[in-house]
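Each remark here refers to the structure printed beneath this line.
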Amino acid sequence: MAPQTRGVSFPKIVIERDSDSEQSSSSSEDEDEVQNDAGEESEKVDEVEVVDESEASTSAKSRRQPISISLKKVCKVCKKPGHEAGFRGATYIDCPMKPCFLCKMPGHTTMSCPHRVATEYGVIPAPLKNTHSSLEYVFQRQVRHHIPTIKPSFVIPKYLNCGVVRYHSRRITCLEFHPTINNILISGDKKGQFGVWDFGKVHEKAVYGNIHSCILNNMKFKPSNDGTVYGASSDGTISCIDLETGISSTLMNLNPDGWQGPSSWRMLYGMDINSDRGLLLAADNFGFLYMADARSNNVIGKPILIHKKGSKVTGLHCHPLQPDLLLSCGNDHFARIWDMRLIEDKSSIYNLSHKRVVNSAYFSPQTGSKILTTSQDNRLSIWDSIFGDMDSPSREIVHSHDFNRHLTPFRAEWDPKDNSESLVVVGRYISENYNGTALHPIDFIDVSNGQLVAEVMDPNITTISPVNKLHPRDDVLASGSSRSIFIWRPKENSELKRDRDPSRILLCGKGERKSKFEDDSGDDDFGKDTYGSKSSKTKKTNLKKSKVCSSKLKY
DNA sequence: AGACGATGCGACC
DNA sequence: TGGTCGCCCTCGTC
């Protein structure tokens, strides 16, 4: 980056010692140092020149040299002069001495990163391992653009349809659609609260706050009874929740003796259900896998170390067709594939290496032949078990989701309806300028070629949406953004089933609750900030009242 | 409007 | 191996 110059001269600070006759000792060298202004983003280095006392003692006390402090503008990242890093307005200027923040490669900055404008940049086709396979033609169609695609055009739910602002009291951590009832969405938050929302009837929702005491990390519907949900929490318990009543029982408790300090407090993150084997699987923050019988709710066997000891297992996923295959991912930078018939320490079939923490790993939803991982190295990786060799990913797609504090970790998810198993959805961390507003879109990416299929956003939602879920049957996207949940559909004014007069549907920010809602929203504390949109004008007008859109419109 | 803090990971010693 | 510190586009509260 070229050195920045500014019109205002940089102040030179001279601290005069007690002297009644001497001028300051500004020399030409001092003048050379004083070039920069007081840039608000740059860091100042104080250079203090103190005259040697012994030298001073040789002359009269009244001729002591002054202390001269000059402020030099240096980069706040590398401490070198000549460039600046940091925010300029809402845009972050990279330090050119550091690797690109987006792709982590040296030699350029985020602003000039080729991945910033082309998602498919550098995407390499999977190696042709089984070139004589009958599936080769299908594969060729995926990697060669000139071969007509067999994929139907994707239907992207990109228009905000309805939402609940401040539904939860803490940030959303997980979302799941009901397996059989189309309009039911369940949600979990950082405080452990469990929400059930009928987004077809926008105001029908409930939040249960007494099930878990901290982060609800993962939820799964019970395969044999879709009125029951399992929840895995950082309080170390697996809950079994009745959807109708919100009444729960505890299936597993890893901290029966209560808080004995952080070194012993077990937190459950990844969870999945192996319906063929009748098993509930969960994994903790120390690298261990736990199993329970999903019928009797009894814990089975001893914990098994499946990731580096002491490291968090961030996710578990059972293969959709092969009940013996289990996929796990964790903070030890690996996703691992296991054979359930013989699962013990270091018995993994494959270890999929990543450069940083793996936030999630999922088998493709229909055949399970591909694996999609989201890692904090800003890459989505596709591992193809048919055409790839599993030693390295078939494809890596650079995508901005490297942010591990304050936000729920980003997790790219497959579209369960896409028969070609190539469409994935993932929230984006880095913002872009859309007509003067900085927005964080939800990206739809075709992982067969790396192309960005769609960016889903709404000018009123300026927050980041790390949690996204595609409906198993309908063209519906649910996104969790901070404490709010939004539903997106393919058409802007798609019909919204309501049980009340649309004119009554308003968004109410804090302190602006409309009295007519007071008796409408049940007894939860978070149920009054709801809106459904039939008219985008109404939606925007109402949203402007909310802090969600009134703050931090960037650029 | 501005300060603050909860908070997870990686680098470095 | 453990402790400490710093962080790049948070977001809500006081």
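Taking the ring axis of A:Phe199 as reference, the NZ or CZ atom of A:Lys201 does not stay both within 45° of it and closer than 6.0 Å to the ring centre.
Residue A:Leu102 contributes atom CG, which lies 11 Å from atom C1' of C:dC8 at whole-angstrom precision. Taking atom CZ of residue A:Arg428 and atom C1' of nucleotide C:dC8, one finds them 16 Å apart after rounding to whole Å. Rounded to an integer number of Å, the gap from A:Glu432 CD to C:dC8 C1' is 14 Å. Straight-line distance from the CD1 atom of A:Ile172 to the P atom of C:dC11: 13 Å, rounded to whole Å. As rounded to whole Å, 20 Å separates atom P of C:dC11 from atom OH of A:Tyr167.
No salt bridge links A:Lys158 with A:Glu455; every basic N to acidic carboxylate O contact stays at or beyond 4.0 Å. For A:Asp189 and A:Arg170, the salt-bridge test fails: no basic side-chain N is under 4.0 Å from an acidic carboxylate O.
A:Phe363 is linked by a ring-ring contact (aromatic ring centres under 6.0 Å, His included) to A:His317, A:His319, counting only residues two or more places apart in sequence or in another chain. Applying the side chain to side chain contact (heavy atoms under 4.5 Å, CB included) test to A:Thr314 and every residue at least two apart in sequence or in another chain returns A:Lys312, A:Cys329, A:Asn331. A:Ser360 is linked by a side chain to side chain donor-acceptor pair (under 3.5 Å) to A:Thr374, counting only residues two or more places apart in sequence or in another chain. A:Lys469 meets the salt bridge (charged side-chain N to carboxylate O under 4.0 Å, His left out) test with A:Glu176, A:Glu413; sequence neighbours excluded.
Using cut-offs of 30° and 60° for the angle between ring planes, the A:Tyr290 and A:Phe288 rings count as tilted.
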With the criterion being N/O to N/O and under 3.5 Å, what pairs connect the protein with nucleotides 1-5 of chain C, and how long is each?
none

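Here the nucleotide nearest the side chain of A:Asp94, chosen from C:dC11, C:dC8, C:dC9, is C:dC8.
At the phosphate of C:dC8, neither OP1 nor OP2 sits under 4.0 Å from any side-chain N or O atom of A:Thr110.
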Could you write nucleotides 7-13 of chain B as a row of B, S and -, 5' to 3', where a protein heavy atom under 4.0 Å of any base atom gives B, of only sugar-phosphate atoms gives S, and otherwise -? BBSS---

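C:dC8 and B:dC12 are spaced 14 Å apart, taking the P atom of each and rounding to whole Å.
The residue A:Ile464 sits close only to the backbone: its heavy atoms come under 4.0 Å of sugar-phosphate atoms, none of a base.
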